[in-house]
Q: 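I have a structure here, written as structure tokens, and I will follow up with some questions on it.
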Amino acid sequence: MSAVKVIRALLVDHAPLAALIEADSICAGTVPVGVIPAISIKEITRVELGTASRTQASVLVTSRIQVTVHAKTYPEQKALLEAAKLSSGVYTGVIAGVVVRSVLRDVVGPDMTDEAAGLYQQTRDFKVAYIAPN
């Protein structure tokens, strides 16, 4: 959950996204029913890189985090996805109480549309490297 907390904190504090969506609509896990526009954040994979030493107090973790935008229209979907990419630059240090080594943009997923339900979605992944207790 640590990497999910990191990405949520970065998205909530990102001004271009804040102009389009309320902070309460940026959710760790599943978006509540009826909340649109919204963003859900989930961990897809995690690699924990420990050492052979049994005395190692912490490990380097790299998590792939999937950010899914949920919108009412296709243009809104694209605007949310663009704002959710975060700014270029380095995200390191303590973020949401987590010691972060790096946050990198990764792949963007396909358009997903349920026109009958009026739901437009797309994903953007991030790789978050952080230090976790062993």
Q: Is any side-chain heavy atom of K42 less than 4.5 Å from a side-chain heavy atom of T30?
A: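 Yes, side chains in contact.
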Q: Do V107 and F126 belong together in a cluster built from hydrophobic side chains that touch within less than 4.5 Å?
A: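 No, no single cluster joins them.
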Q: Might you point out which heavy atoms bring I95 and A9 nearest each other, and give the distance in Å?
A: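 I95 and A9 have their closest heavy atoms at CG2-CB, 4.2 Å.
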Q: If you look at every heavy atom in G29 and S40, which pair is closest and at what distance?
A: O-CB, 3.1 Å
Q: Check the pair Y120 / E115 against side-chain contact (heavy atoms from CB on, under 4.5 Å), numbers first and verdict last.
A: CA-CA 8 Å; Y120 297 81; E115 291 180 13; 3.8 Å; yes
Q: Evaluate the side-chain proximity of V6 to I65: yes if any heavy-atom separation is below 4.5 Å, no if none is.
A: no
Q: With a 4.5 Å limit on heavy-atom distance, are the side chains of P37 and S25 in contact?
A: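 Not touching, per the 4.5 Å side-chain cut-off.
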Q: Are I21 and L119 linked, directly or through other ILVMFWY residues, by side chains that come within less than 4.5 angstrom of each other?
A: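 No, because I21 and L119 fall into different hydrophobic clusters, even though each may have its own neighbours under 4.5 Å.
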Q: Specify the closest pair of heavy atoms between P16 and L20, including all atoms of both residues, with the distance to one decimal.
A: O-CG, 3.7 Å
Q: Looking only at heavy atoms, what is the nearest atom pair of Q122 and G109, with distance?
A: NE2-O, 2.8 Å
Q: Going through the checks in order, is the side-chain contact (heavy atoms from CB on, under 4.5 Å) test met by H70 and L80?
A: CA-CA 8 Å; H70 309 268; L80 286 170; over 6 Å; no
Q: Would you say the side chain of L17 lies within less than 4.5 Å of the side chain of I39, judging by non-hydrogen atoms?
A: yes
Q: Are T123 and M112 packed together at the side-chain level, in the sense that at least one heavy-atom pair is separated by less than 4.5 angstrom?
A: yes
Q: Is there a path of hydrophobic side-chain contacts, each under 4.5 Å between heavy atoms of I, L, V, M, F, W or Y residues, that connects V108 with V67?
A: yes
Q: Between V59 and V103, is there a shared hydrophobic cluster once you connect ILVMFWY residues whose side-chain heavy atoms come closer than 4.5 Å?
A: yes
Q: What pair of heavy atoms forms the shortest contact from R105 to L86, and how long is it?
A: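 Heavy atoms of R105 and L86 come nearest at NH2-O, 2.9 Å.
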Q: More than 12 heavy atoms of other residues, nucleotides or ligands under 6.0 Å from NZ of K127: yes or no?
A: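 Open.
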Q: Side chains of T68 and Q121: donor-acceptor distance under 3.5 Å anywhere?
A: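 No, Q121 and T68 have no side-chain donor paired with an acceptor closer than 3.5 Å.
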Q: Where do I36 and A71 come nearest, in terms of heavy atoms and distance?
A: CG2-C, 3.6 Å
Q: Rounded to the nearest 0.5 Å, how far apart are CZ of R124 and CD of E82?
A: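 Output value for this atom pair is 6.5 Å.
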Q: Are V61 and Y91 connected into the same hydrophobic cluster when the rule is that any two of I, L, V, M, F, W, Y join if their side-chain heavy atoms are below 4.5 Å apart?
A: yes
Q: At what distance, to the nearest 0.5 angstrom, does NZ of K5 lie from CG of L10?
A: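 Rounded to the nearest 0.5 Å, the NZ-CG separation comes to 12.5 Å.
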Q: Are side-chain heavy atoms of L60 and I131 found at a separation under 4.5 Å?
A: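 With C-beta onward as the side chain, the pair touches.
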Q: To the nearest 0.5 angstrom, please state how far the CD atom of E48 sits from the OG atom of S58.
A: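 The CD atom of E48 sits 12.0 Å away from the OG atom of S58.
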